[in-house]
Amino acid sequence: MTRSPITFIGGGNMARSLIGGLLADGFPAAALRVAEPLAQSRETLRAQFGVQTFEHNQEAIAEAGVVVFAVKPQILAEVARELAEPIQHARPLVVSIAAGVRLGDLDRWLGGHVALVRAMPNTPALVKSGATALFAAAGVSAEQRQRAESILRAVGLTVWVDEEAQLDAVTALSGSGPAYFFLLMEAMEAAARELGLPAATARLLTLQTAFGAAKIALESNESPADLRAHVTSPKGTTEAAIKEFQQADTAGIVTRALGAAARRSRELGDLFGGDA
Ligand SMILES: NC(=O)C1=CN([C@@H]2O[C@H](COP(=O)(O)OP(=O)(O)OC[C@H]3O[C@@H](n4cnc5c(N)ncnc54)[C@H](OP(=O)(O)O)[C@@H]3O)[C@@H](O)[C@H]2O)C=CC1
Ligand SMILES: O=C(O)[C@@H]1CCC=N1
């Protein structure tokens, strides 16, 4: 099957996660293009994924059916304005994964009336275990929505949100979320080493425990609270540990952390949207 190319503008962490996941799902490398200013990064992208790379964004989007903006929010305005003319001419579907930046701003930078979808993926897309929420601007056709969804679904789970503002919460939860679990893994691994386990054993048991907990939570009909109860024997070891977590107000810390991330997402939209 021939497919119009998907062009990524920016070949950094998240673009690489999406590209790796798409290739693992059988997407042809020939249909993936990446614009990336750094020669070393372009070389790595070619060597790792076999995709076509470009130094200049304009060249990369020629013939593209879908353009994915995967640059930092801080430079999205500048990058989009430079591409307004060719995008107005070729009218690809545009997907932005930038945190915070609102579709109204992106549409204005691109010259208006562009088919725009905002998506918030996460890095486990690389291993086809991503979680992405999507929001479409008015005027995006059902077919275009489906195209955007099919790209992200190839690398994991997708959900649509009804209001664009909900993407700030999504960013706080699943966009940034992998980092919270990695933080906990780092801490558990370090604590296990301190308790006398060899480093390799501490890491292996930490990772497999995280994997097992996520897998059982996904596959079971029981809630995380019920699953936790099954581990927690009265007056046993887990109870002793959970008491420490509760005394340190872990739930409160998580609420504050996600709140800070959602706030930062809104701030990024304010700072780098508008007339940025
Ligand atoms: N990382 C994550 O987990 C997630 C990130 N996102 C969003 O994805 C976007 C990218 O994030 P991330 O991949 O982490 O960031 P990175 O910095 O890793 O990637 C951005 C890439 O864009 C390149 N770039 C810089 N200037 C230009 C330009 N003018 N034209 C084209 N490319 C350019 C950068 O190159 P160079 O390094 O040379 O500057 C870099 O390779 C952000 O908007 C972020 O909010 C969304 C969900 C999750
Ligand atoms: O930290 C960030 O701003 C990006 C958005 C979500 C994950 N990484």
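First listed ligand is number 1; within each ligand, the first listed atom is number 1. Position 1 is the first residue of the sequence; numbering continues from there.
Ser17 pairs in a side-chain contact (heavy atoms from CB on, under 4.5 Å) with only one of the listed residues (Leu22, Thr123, Asn122), which is Thr123.
Atoms of ligand 1 lying under 4.0 Å from any heavy atom of Ile97, numbered from 1 in the order shown and given with element: 6 (N), 7 (C), 8 (O), 46 (C). Applying the 4.0 Å criterion to heavy atoms of Met120 picks out, from ligand 1, the atoms 46 (C), 47 (C). Annotation for ligand 1: atoms under 4.0 Å from non-hydrogen atoms of Val79 are 28 (C), 29 (N).
The part of Asn57 lying near ligand 1 is the side chain, judged by heavy-atom distances below 4.0 Å. By the criterion of a heavy-atom distance under 4.0 Å, the side chain of Ile75, and not its backbone, is placed next to ligand 1. Within the 4.0 Å heavy-atom criterion, neither part of Glu78 lies near ligand 1.
Between Pro121, Gly12, Ala99, Ala119, it is Pro121 that holds the heavy atom closest to atom 47 (C) of ligand 1. For atom 7 (C) of ligand 2, the nearest non-hydrogen atom from the set Pro121, Gly175, Pro178, Ala261 comes from Gly175. Relative to atom 40 (C) of ligand 1, the option among Glu55, Glu82, Glu36, Arg16 with the closest non-hydrogen atom is Glu36.
The protein non-hydrogen atom at the shortest distance from atom 20 (C) of ligand 1 is Ala70 O, 3.6 Å. Looking only at heavy atoms of the protein, atom 4 (C) of ligand 2 is closest to Ala99 CB, 4.8 Å. Annotation: atom 18 (O) of ligand 1 to nearest protein heavy atom, Asn13 N, 2.9 Å. The protein heavy-atom contact nearest to atom 22 (O) of ligand 1 is Gly10 CA, 3.4 Å. The nearest heavy-atom contact from the protein to atom 33 (C) of ligand 1 is Pro37 CD, 3.4 Å. Regarding atom 15 (O) of ligand 1, its nearest protein heavy-atom neighbour is Lys72 NZ, 3.1 Å. In this structure, the protein non-hydrogen atom closest to atom 13 (O) of ligand 1 is Met14 N, 2.8 Å. The closest protein non-hydrogen atom to atom 3 (O) of ligand 1 is Thr123 CG2, 3.3 Å.
The pair Arg42-Glu36 fails the salt-bridge criterion, with no side-chain N (NZ, NE, NH1 or NH2) lying under 4.0 Å from an Asp/Glu carboxylate O. Ion pairing between a basic and an acidic side chain is recognised when a charged N comes within 4.0 Å of a carboxylate O; Lys235 and Glu239 show no such pairing. The pair Asp168-Arg102 does not count as a salt bridge, with every side-chain nitrogen at least 4.0 angstrom from each carboxylate oxygen.
A distance of 12.0 Å separates CZ of Phe181 from OG of Ser176, quoted to the nearest 0.5 Å. Taking CD from Glu267 and CZ from Phe272, the interatomic distance works out to 9.5 Å, rounded to the nearest 0.5 Å. Note that CD1 of Ile242 and OG1 of Thr232 are 5.0 Å apart. Values are rounded to the nearest 0.5 Å. To the nearest 0.5 Å, atoms OG1 (Thr206) and CZ (Phe182) are separated by 13.0 Å. Note that CZ of Arg193 and CZ of Arg203 are 7.5 Å apart. Values are rounded to the nearest 0.5 Å.
Leu93 places none of its side-chain heavy atoms less than 4.5 Å from the side chain of Val67.
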Pairs under 3.5 angstrom only: tabulate donor-acceptor contacts from the side chains of residues 151-162 to other protein residues two or more places apart or in another chain.
{"residue": "Arg153", "atom": "NH1", "partner": "Glu149", "partner atom": "OE2", "Å": "2.7"}
{"residue": "Trp160", "atom": "NE1", "partner": "Glu149", "partner atom": "OE1", "Å": "2.6"}

Which pairs of donor and acceptor atoms, one on a side chain in residues 5-13, lie under 3.5 Å apart (sequence neighbours left out)?
{"residue": "Thr7", "atom": "OG1", "partner": "Ala60", "partner atom": "O", "Å": "2.7"}
{"residue": "Asn13", "atom": "OD1", "partner": "Arg16", "partner atom": "NH2", "Å": "3.1"}

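Between Val71 and ligand 1, a contact under 3.5 Å exists for at least one N or O pair.
For atom 2 (C) of ligand 2, the nearest protein heavy atom is 4.0 Å or more away.
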